[in-house]
Amino acid sequence: MDTLCRLTYSGFYALKLLSAAPCRPFDARRNGLSLGEGAAFLLLEPMDRARARGARVLGRVAGWGTSSDAHHATAPHPEGKGAAAAMRAALADAGVAPREVDYVNAHGTATPANDKAEALALAAVFEGAMPPVSSTKGATGHTLGAAGAIEAVLSVLALEAGFAPATVGLGEPDPELPVRHVPAGGLTAPLAVALSCSFGFGGNNAALVLTRGDR
Amino acid sequence: MRATVLGMGVVAPGAAGCAALGRALGEPSPAMPRVAAIGDEGESRARRAPRLERMMAAAAREALGGRDAASVALVYGTGYGGLTATVDFLEGMAVRGPAFASPMSFHQSVHNSPAGALSIALGIRGACLTVTARELSGETALKVGLDLLASHRAEQVLVVAADEVVPALEAGYRAFGSRLIPGEGAAAVLLGAASAGGAGDAGGAVGPSLVVELCALDGHVGSLLRLQASPEALSPLLDLAARVAGPEPWVSPAPGDDAFRSAQRLALERAFPRARIADDGGRFGFNPSGGLLRLVSLALRLGSGPGGAGVIHGAAQGGGQAVIVVRHVAG
């Protein structure tokens, strides 16, 4: 959960990370993030116990991974090495091969450095077989401490609905970013596995592998 | 989950380093629980780092004892994060206006920023997690570190807890009418699986083999600004610790107000009728990171003889409590 306030706004303004217009993740014209606020909660329970009590299982946290860039206080590793390490750790934890991932909910803040580093990390992890990728921060803004949970919820909803949302604000995909974008209007397809990525100040990286509840 | 303590480090009021703290334990507590020296004064990089990060780094380096930290997981516990940076940033906003606030102070004010800075300083590329849980932040960090070991996500975990006192924090305590004295300091423990060898070969003097045998947290819904003051509510967790620790352990009581201390005394007498009390409340103050500081302190008290057990009791405003049991075993 995080709320938008003057402190946060002024801090990101001072860091020159804010866009004056609504943010454009992965767009050639991207120039910073939009701040958002919100809250999300996920109720977690061991699968066998949930099934035993007849609960409707919305999704499954199949694996997670974390890493540190050990690079810079506010900028990501330029080649996304830490981000890639977190993604690989999550996939390994879930026992899921990269080719099995159907959708990636990217961190995608729309800052020039972050989107580039993340794109390089995705390219390194998926090696030419990249699943559709979108950033929901174009719709929600960067909700900071809440972003990881909100995007986990959005990923579960995408799996449940069989619908990957497009990146709001993406009009001219940056040709230098090797990303396979979810097409405008979204993508309707059977989705079984999603990867959700979140990165923070100080080079803290995390990735979640989420699957459908019936998987 | 049990884990071996491979190294310890500490920056405490009146003691920079485990050896200094070990000597200080035989002396009266400082008049105020404030850190006057960090022990890194000769390092050029330290001069530019915020005070909280300096305390963390000094404790972490002592715990690592020169080990390569690249594959170590880092768990950082803090109640308030970088308060100096937070105050600097807010003062900048107030004095110079929102458009001229300090970008440096802003990112240093974010709770996980000190952990990021430490990971950069030590070259840590494994997990880097920050947890906050009011006055149980040290204990919660330890629990997360133990969970990382138990789930085989790391072979070694560096657990660090650090908090600092600034005048604004003291004013905040006064504003709520609290008579508790906030404390500051940093502690670090390097954990390995319980079967890990080499205990005591890094950092502060650990002795033959110091093992964390229990770290348990519990919560009782209560008033947001009060500690649990019912012996009946405190007893179950203390009884659990007594079953693990056995007879005559050293016990480090949680600091707190008079009502809490009265209830705690009753619950401790029931659970540990023959305990040796190590009351470090005056030394460390009311500190969100205090649980880990008291763990280091108690480990030093246990000395080097095998078999000695120690119990650290923690309590937080809002009703939460924690127990840690450590023991020296034959190496």
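- No more than 12 heavy-atom neighbours from other residues, nucleotides or ligands sit within 6.0 angstrom of CZ on B:Arg226.
- For B:Leu118, no part lies under 4.5 angstrom from a heavy atom of chain A.
- Between A:Asn204 and B:Cys128 the shortest heavy-atom distance is ND2-SG, 3.4 Å.
- For A:Phe12, the ring-ring contact (aromatic ring centres under 6.0 Å, His included) test picks out A:Phe201, B:Phe106, with sequence neighbours left out.
- Contact residues of residues 113-123 of chain A toward chain B are absent (heavy-atom distance under 4.5 Å).
- Within the 4.5 angstrom heavy-atom criterion, only side-chain atoms of B:Leu90, from C-beta onward, approach chain A.
- Shown here is A:Tyr13, whose OH atom has no more than 12 heavy atoms of other residues, nucleotides or ligands within 6.0 Å.
- Contact detail for B:Phe89 and A:Leu7: the closest heavy-atom pair is CE2-O, 3.5 Å.
- At a heavy-atom separation below 4.5 angstrom, chain B is approached by no residue within residues 33-43 of chain A.
- Within residues 65-80 of chain A, the residues that have a heavy atom under 4.5 Å from a heavy atom of chain B are A:Thr66, A:Ser67, A:Ser68, A:Asp69, A:Ala70, A:His71, A:His72, A:Ala73, A:Thr74, listed by number.
- Atom CZ of A:Arg29 is surrounded by more than 12 heavy atoms from other residues, nucleotides or ligands within 6.0 Å.
- More than 12 heavy-atom neighbours from other residues, nucleotides or ligands sit within 6.0 angstrom of CE on A:Met47.
- The parts of B:Ala99 that come within reach of chain A are both its backbone and its side chain, each placing non-hydrogen atoms under 4.5 angstrom from that chain.
- Between chain B and the options A:Ala14, A:Gly11, A:Gly202, heavy-atom pairs under 4.5 Å are most frequent for A:Gly11.
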